[in-house]
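For clarity, every value in this text was computed on a predicted model and none was experimentally measured. These values consider heavy atoms only, across backbone and side chains, with no hydrogens, waters or symmetry-generated copies.
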Amino acid sequence: MTLIKTEELTPTTPLSAIDTLQTYCCLDSLVMLEVFEEISSLFNQPPQIYSFERALQAPYLEMMQRGFLVDELARRQAVDSLRARELRLQATLNEMAQAACGHSLNPRSPAQLKDFFYSSLKLPEVWLSQKGERKLSTNREALEKLDSYLYARPFVSAVLGLRDLAKQREVLETEIDRDGRIRTSYNIAGTETGRPSSSSNAFGTGGNLQNVALGLRYVFVADPGWKLVVIDLEQVEARDVGWFCGVLFNDWSYLDACESGDLHTSVCKLVWPRELKWTGVPDRDKWLADSSIFYRDFSYRFMSKRGAHLSNYMGTAWTAARVMKMPIATLEEFQARYILGRAQFTDKKGTFHPAIVPAFPCIPRWWQWIAQQIQTPPHSLTTPFGRTRHFFGRPGDDTTLREAIAYMPQSTTADRMNLGLWRIWKHMPQVQLLGQGYDSVTFQVQDDSRFDEVVAEALELIKVPLEHQGRRYICPGEAKVGWNWGSMHDASKPLGQGNKFNPDGLVKWQPGQDRRQRQVGIKRIMA
DNA sequence: GACCCCCGCCAC
DNA sequence: AAACGTGGCGGGGGTC
């Protein structure tokens, strides 16, 4: 963002490369200084949120410098296995494609795929609307539609499989530094909401550590003598929505539901008070919600979990139905019971449908409040942490409203987690921070007799109490511990054989309960 | 060959 | 009519 071009300043002799870079650096810095001084003059002191972001530079720089140790052998084995599977599957696909259209097929080229499926195989085109535009697509959703044509099925399955394998391999092939550590670059002030973002670093190594697939995380490990801790905030965005409804309308029903044991079971009870035989025994009711079928093989609890999240953010029944692969009518029924309600009516067949009273009408009411905020000056929202965002989109547009609705809980979560992260950095020098995952933080602690004590202290530090008219709200954290970053039990997509169980992986922390020893020798990791 | 956009896909 | 938000990355395929 230089206002003056270097050429204009160039003296009679041209600048050397390094001088050019330094000149650019100076100019850019000075422009920023000018902007800073201008903005500073508007305030007596900088907004608190600005000072907070500056304070975050220390812990984030520390994480960026430290890096996260990678189990090089595990990584290479996974890459080799993936590559071998890719080669075999690609050979099969090529053979089939040769027979069908006379040439091989690149599963990562949408152009080739369109030509293949819609011209060579002459299948009906699948148009999907994405971001307001209808597009001829070859993404997973489109290919799954083509899967109903028998002769397309082997191609669909090979293409999806190859894309999946390639994606996993790419992540594992991300360049790490010579000391065997991956260093991501965090951008503290890079997003609209206050979330940090992560990307490859200034030296071109590392990558986004915040979107590593769960099944690949086991390659990231604790240093020798250390053990990993991941603390995440339990259902934080749902709780925040409940908090907003309480503060704005004195309606605490949703926060109460979040705080009364298992959120999704509580929601089930309120949405279907009579349909299931509730016992009042928490474990029994959770089991009931989980094992009773609402639609096909989807339980009532699953509906509460997936459907509720989408619905909270003003997702339509249409979208929820598409994502969850269910009929629209099923989601309409859910949303009516959950938040929207419905007047009585008689359908075409003459069947009478009684009125539905929604369980949480405060949520659409909260949307209304948001709409009003962004439609009237100053067209902004401010979170409980004092982060203000102006909405420059057309105030009446649904997209603007949806951004605004998502902003409140997302931003609140970001600041809550960052405050916890900062406190851990400030007050616990015995902790080494390794990563931030929006609603979670990962760090390592010496693997000795004081381990549990340290975890307990960190769990306390991430608690940020909010208060309103006598109501106190804290989002609790949950800790998982282990020596590698994968999950111990659910390694989900196992990479070939031998990875179905991950003994060094993360398990729920219970003080004094984890009697495991580290299985993978650290010599192997460092080799 | 550098650059850019599109596409598909991973996370929360 | 359009249809939940916030991000980053790599490959394909085009342009300059």
[X] near the nucleic acid: base, sugar-phosphate alone, or nothing, with a heavy-atom cut-off under 4.0 Å?
{"X": "A:Asn106", "answer": "sugar-phosphate"}
{"X": "A:Arg163", "answer": "sugar-phosphate"}
{"X": "A:Ser311", "answer": "nothing"}
{"X": "A:Ser411", "answer": "nothing"}
{"X": "A:Val212", "answer": "sugar-phosphate"}
{"X": "A:Arg169", "answer": "nothing"}
{"X": "A:Arg195", "answer": "base"}
{"X": "A:Ser200", "answer": "sugar-phosphate"}
{"X": "A:Gln410", "answer": "base"}

Among [options], find the nucleotide with the atom closest to the side chain of [X].
{"X": "A:Leu214", "options": "B:dG8, B:dA11, C:dC9", "result": "B:dA11"}
{"X": "A:Ser137", "options": "C:dT6, B:dG8, C:dG13", "result": "B:dG8"}
{"X": "A:Arg108", "options": "C:dC9, C:dG11, B:dA11", "result": "C:dG11"}
{"X": "A:Gln112", "options": "C:dG13, C:dG7, B:dC12", "result": "C:dG13"}
{"X": "A:Ser197", "options": "C:dG7, B:dC9, B:dC12", "result": "C:dG7"}
{"X": "A:Thr193", "options": "C:dG8, C:dG13, C:dT6", "result": "C:dT6"}
{"X": "A:Asn211", "options": "C:dA3, B:dC9, B:dA11", "result": "B:dA11"}
{"X": "A:Arg140", "options": "C:dT6, B:dC7, B:dC9", "result": "B:dC9"}
{"X": "A:Ser109", "options": "B:dC10, C:dG13, C:dG11", "result": "C:dG13"}
{"X": "A:Arg389", "options": "C:dC9, C:dT6, C:dA3", "result": "C:dT6"}

Query raised in the report: Are A:Trp369 and A:Phe249 close enough that their ring centers fall under 6.0 Å?
Result: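 Judged by ring-centre distance (under 6.0 Å), A:Trp369 and A:Phe249 do not meet the cut-off.
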
Query raised in the report: Using atom C1' of each nucleotide, how far apart are B:dC9 and C:dA1 to the nearest Å?
Result: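 It comes out at 28 Å once rounded to the nearest Å.
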
Query raised in the report: Any side-chain heavy-atom pair from A:Asn418 and A:Phe52 closer than 4.5 angstrom?
Result: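 Yes, their side chains come closer than 4.5 Å.
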
Requested in this report: Return the 5'-most residue of the pair A:Tyr438, A:Met314 with respect to DNA chain C, ranking by each residue's nearest nucleotide.
Outcome: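 Its nucleotide being nearer the 5' end, the pick is A:Met314.
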
Query raised in the report: Think A:Ser199 has a side-chain N or O under 4.0 angstrom from the OP1 or OP2 of C:dG7?
Result: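 Answer no for this pair, as no side-chain N or O of A:Ser199 is under 4.0 Å from OP1 or OP2.
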
Query raised in the report: Think A:Thr399 has a side-chain N or O under 4.0 angstrom from the OP1 or OP2 of C:dA2?
Result: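 Indeed not, no polar side-chain atom of A:Thr399 lies that close.
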
Query raised in the report: Does a side chain donor of either A:Thr413 or A:Asp439 reach within less than 3.5 Å of an acceptor in the other side chain?
Result: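 A:Asp439 and A:Thr413 do not have a side-chain donor-acceptor pair below 3.5 Å.
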
Heavy-atom closest pair, residues [X] and [Y]:
{"X": "A:Phe155", "Y": "A:Ala97", "value": "CE2-N, 3.7 Å"}
{"X": "A:Tyr118", "Y": "A:Leu136", "value": "CE1-CD1, 3.5 Å"}
{"X": "A:Leu263", "Y": "A:Ala238", "value": "CD2-CB, 3.8 Å"}

Query raised in the report: Would you say the side chain of A:Lys167 and the base of B:dC9 hold a donor-acceptor pair, judged only by whether the two atoms sit under 3.5 Å apart?
Result: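 Yes, a donor-acceptor pair under 3.5 Å.
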
